Amino acid sequence: MTRRLPSGRPIPIQRTGPMNLFSDIRALVIGALDAMVAAGDLPAGLELAAVAVEPPRDASHGDMATNAAMVLAKPAGKSPRVIADVLAKHLADDPRIFEVDVAGPGFLNLRLHPWVWQGLVKSALETGAEFGRATIGAGIKVNIEFVSANPTGPMHVGHVRGAVFGDALARLLAFAGYAVTREYYINDGGAQVDVLARSAFERYREANGLDPAIREGLYPGDYLIPVGEAMKTKWGASLIDQPEEVWLAEVREFATELMMGMIREDLALLGVEMDVYSSEKALYGTGQIEAAIKALKEMGLIYEGTLEPPKGKLPEDWEAREQTLFRSTAHGDDVDRPVKKSDGAWTYFAPDIAYHYNKVQRGFDQLIDIFGADHGGYVKRMKAAVSALSGGRVPLDIKLIQLVKLWRNGEPFKMSKRAGTFVTLRDVVEQVGADVTRFVMLTRKNDAPLDFDFAKVMEQSKDNPVFYVQYANARINSVMRRAAEAGVTVDDASLSLADVSKLDHAAEINLAKKIAEWPRLVEIAARGNEPHRVAFYLYELASELHGLWNRAKDEPNLRFVQDDSATTQSKIALARATGVVISAGLAILGVTPVEEMR
RNA sequence: GCACCCAUAGCUCAGCUGGAUAGAGCGUUGCCCUCCGAAGGCAAAGGUCGCACGUUCGAAUCGUGCUGGGUGCGCCA
């Protein structure tokens, strides 16, 4: 039977099937509202942006709910019930709609025919890994700057969360249709790289058989020993008796480069790859800082002045001094910020302004910075600078990443170089693996602190969300193997032709409904720059699958593998569609799906 | 003193550009293993969403003011 629209026109066969059912149904609602305007039931020119179609909180209310009648009641000057009643009649004409009812203050609850959900299983199989890919990004060029750890040593556990978050956000936005650039800002222009050079020089003396003098304030880490040896290979003993002025710049560059090599390796261990590495040092002496400050000056945002001392916590050596200041208060900041120290040298903020100016000039439509929570004080001034330098065109979103609290043997512990409890990124990845590390780091909102317990994240039980999700995928693979052994063809092409109308049990439809939420979830997560939503969704999806599985103990007709091979195939299609979404979700988190639990 | 972040069940946390009776896991209590994988399953109890006003048809969600915790506040990066 050919399905027809209310107009009588046959519904065109969709090659890929529905993708985002929620936006499809929202389009249906908008269309119906337009028809109501045409029929004079609603005034023209209504703002429809607030009309939403969402899953109801309580599943007993139906499959989807729309608030259209309530948000339009006031502007239309009609009671919500009146609008809802007419709208319901329009919606009921659509072949996908099984039932519409008006509830509460004017909600419209929709129930869809089972074939809509069953068809979605097919869509997921046909589109495979692309299922859920969104277009809301519309090719917008977004730059995500993250990690940006100082190039003075290996990455430690404190850097891991930001690295994982940034990378997952990049993957998420790419999946949502943005053109994403991952970028690392190398802080190689400040005093800390001089300290690095001096520390490396002591290890160089050590490599030449002399006692290293690792004074207070130098970096004591062993990781500099190979740097000293590499210096010996390069320079022999020729630098040993030279004064610092002779070697500092050269050694600084040499050591920084080796540190960056180490950091790149650390990132690779986590599966993080940057597209661009930008150097702070490269901004000095090239006129870029001066150009950025000049641009601000031309807007009247740079002046010479004296800052008020902070109230309540007056530094002991406070002394009012005139400095070059950026009028960040003109763009939402609380006080103006210095771009030059009192001795005339640039503050750290100045090259940062130039760097963000550079990103704006490279043509990015949106900037995202990922900072540690301790850099919260920089948010307003950085936003002010970007707002000024882009003429308000380029939004800057700054995500602050809260601390990770480490637990071992049920006891919290703090990192300390002296106590030997300094935990490197490498330590973490080698102990628990990159997949577990990544998943766990993404099971919290970025602005909530996170507990990381080395024992718990490795635990193989349903209490561990990593395991729970991976186990769901393993179960899917397990039933597919069994089905194949029973002689059922289970490749995606065959499965997408399976008779999905056999999936008529409520528990099966519920799983299909959860799958249907995936494209919508991608959009919501991308809109808010919130990759953690993917992790929570995957947990819920896994939960639906496990629920169906457990239910099959009492109801054998729910088992994935049945005597009849056609029935098996349709049930495997559902399992496989779930697997497709789990794999797609894990790919956004940067986690490898496992096929078997061992 | 000021700014930013946080506050939801005994614990750890979700909660969708404001939506209906606020959810999950752990823990507690009670049942259940001949069953595609019991490294579990089913069910129950458990909440003035920190407090108070306000906006709204409707507030955990938005605004203001408090309380409590965290982070930061020129001459570090």
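Everything numeric in this text was worked out from a predicted model, so none of it was measured. Throughout, protein chains are lettered first and strands after them, A, B, ... in sequence-line order, and every chain is numbered starting at 1.
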Sugar-phosphate, base or nothing in reach of [X], heavy atoms under 4.0 Å:
X	answer
A:Val561	base
A:Phe560	base
A:Ala103	base
A:Ala73	nothing
A:Val71	base
A:Ala52	nothing
A:Gly190	sugar-phosphate
A:Arg475	sugar-phosphate
A:Tyr468	nothing
A:Ala552	base

Quiz item: Are the ring of A:His375 and the base ring of B:G72 both nearer than 5.5 Å at their centres and tilted by less than 30°?
Solution: no
Quiz prompt | B:A20 pyrimidine/purine six-ring stacking with A:Phe107, under 5.5 Å and 30° | solution = yes
Self-check item: Ion pair A:Lys514/A:Glu517, N-O distance below 4.0 Å
Solution: yes
Quiz item: Would you call A:Glu530 and A:Lys445 a salt bridge, using N to O less than 4.0 angstrom?
Solution: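 Salt bridge flag = no for A:Lys445 with A:Glu530.
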Looking at [X] and [N], is any side-chain donor or acceptor paired with a base atom of the opposite kind under 3.5 Å?
X	N	value
A:Arg321	B:C75	yes
A:Tyr185	B:A77	no
A:Arg533	B:C16	no

Choose from [options] the nucleotide whose nearest atom is closest to any side-chain atom of [X].
X	options	answer
A:Glu54	B:A14, B:A20, B:C16	B:C16
A:Asn67	B:G40, B:G19, B:G25	B:G19
A:Leu400	B:C16, B:U12, B:C4	B:C4
A:Val479	B:G74, B:A14, B:C36	B:C36
A:Lys553	B:G74, B:C13, B:A38	B:A38
A:Asp447	B:C36, B:U71, B:C6	B:C6
A:Asp334	B:C16, B:A3, B:C36	B:A3
A:Lys341	B:A77, B:G19, B:G25	B:A77
A:Lys445	B:A77, B:C5, B:A14	B:A14

Does [X] put a side-chain nitrogen or oxygen below 4.0 Å from OP1 or OP2 of [N]?
X	N	value
A:Lys456	B:C26	no
A:Lys74	B:C57	yes
A:Lys380	B:C4	yes
A:Arg381	B:A3	no

Now, which nucleotide makes the Watson-Crick or G-U wobble pair with [N], with each of the two distances under 3.5 Å?
N	result
B:C76	none
B:A44	B:U28
B:C57	B:G19
B:A3	B:U71

Practice problem: Select from A:Arg444 and A:Asn109 the residue whose nearest nucleotide in RNA chain B is closer to the 5' end of that strand. | Solution: A:Arg444
Quiz item: Quick one: on RNA chain B, does A:Asn187 or A:Leu403 contact a more 5' nucleotide (nearest heavy atom)?
Solution: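 The residue whose closest nucleotide sits nearer the 5' end is A:Leu403.
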For the ring pair [X] and [Y], is the centre-to-centre distance below 6.0 Å?
X	Y	result
A:Phe107	A:His61	no
A:Phe146	A:Phe165	no
A:Phe452	A:Phe454	yes

Exercise. Describe, in one word, how the ring planes of A:His532 and A:Phe536 are oriented to each other, choosing from parallel (under 30°), tilted (30 to 60°) and perpendicular (over 60°).
Key: perpendicular
Practice problem: Compute both the distance and the angle, then confirm whether A:Arg520 meets the cation-pi test with A:Phe22: under 6.0 Å from the six-membered ring centre, within 45 degrees of the axis. | Solution: yes
Quiz item: Do we get A:Arg381 above A:Tyr378's six-membered ring, with its NZ or CZ under 6.0 Å from the centre and within 45° of the axis?
Solution: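 Yes, A:Arg381 sits over the ring of A:Tyr378.
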Quiz item: Hey, is B:C73 sitting syn or anti, using the within-90° cutoff around 0?
Solution: anti
